[in-house]
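A quick write-up on the structure given underneath.
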Amino acid sequence: MAEHVSGSLAPSADARVDSCDVRFVDVFKVLGKRWNGMIIVALMQRPARFGELSRMISGITDGILADRLRELMAAGLVERRLADGPATAVLYQLTAVGEDLRGAFQELRDWADRNDLGGHCAP
């Protein structure tokens, strides 16, 4: 029988990580996929149209962006809404669940800063 990882992230001599810890498995299925984190970070700045997102995220193709947006919507992190105004436009924005990631993403940014993992992008 598989042993479950405890609810704590504190070190333990007999701890192991396996597929039974579905919380982490599910989180990394979504956030571990290339581009998803960058899309979330872009949408943390503001809601955006598809073309704006494409320009905000250097290197992503339109096909991949469309696929990842569908995945993030299916996961309940991103939603589409019609923009106010005379012309019909679709905006992508974070849901309340997506917004709830803001603190976790800030913690990751702080961790990267403490460990010199950030700031290596060309100006």
Please lay out, stage by stage, how L69 and L53 fare under the test side-chain contact (heavy atoms from CB on, under 4.5 Å).
CA-CA 10 Å; L69 284 168; L53 277 174; 4.0 Å; yes

Return the [atom1] to [atom2] distance between [X] and [Y], rounded to the nearest 0.5 Å.
{"X": "W35", "Y": "I57", "atom1": "CH2", "atom2": "CD1", "result": "7.5 Å"}
{"X": "L31", "Y": "L101", "atom1": "CG", "atom2": "CG", "result": "6.0 Å"}
{"X": "L72", "Y": "Y92", "atom1": "CG", "atom2": "OH", "result": "11.0 Å"}
{"X": "Q45", "Y": "L94", "atom1": "CD", "atom2": "CG", "result": "10.0 Å"}

Tell me whether [X] shares a hydrophobic cluster with [Y], the cluster being built from Ile, Leu, Val, Met, Phe, Trp, Tyr side chains joined at under 4.5 Å.
{"X": "V90", "Y": "I39", "answer": "yes"}
{"X": "V25", "Y": "V27", "answer": "no"}
{"X": "M73", "Y": "L82", "answer": "yes"}
{"X": "F105", "Y": "M56", "answer": "yes"}

List, one per line, each side-chain donor-acceptor pair under 3.5 Å for residues 74-81, sequence neighbours excluded.
residue : atom : partner : partner atom : Å
E79     : OE2  : Q93     : NE2          : 2.6
R81     : NE   : Q93     : OE1          : 2.5

For R49, give me all partners under side chain to side chain contact (heavy atoms under 4.5 Å, CB included), at least two apart in sequence or on another chain.
E52, A89, L91

Please collect all side chain to side chain donor-acceptor pair (under 3.5 Å) contacts where either partner lies in residues 61-70, sequence neighbours excluded, each pair once.
S54-D62, D67-R70

Salt bridge (charged side-chain N to carboxylate O under 4.0 Å, His left out) pairs, two or more places apart, involving residues 88-110:
E99-R102

Keeping to residues at least two apart or across chains, list the salt bridge (charged side-chain N to carboxylate O under 4.0 Å, His left out) pairs with something in residues 29-39.
K33-E71

Closest non-hydrogen atom pair between A48 and L43, with its separation
N-CD2, 4.0 Å

Side chain of N36, backbone of V30: donor and acceptor closer than 3.5 Å?
yes

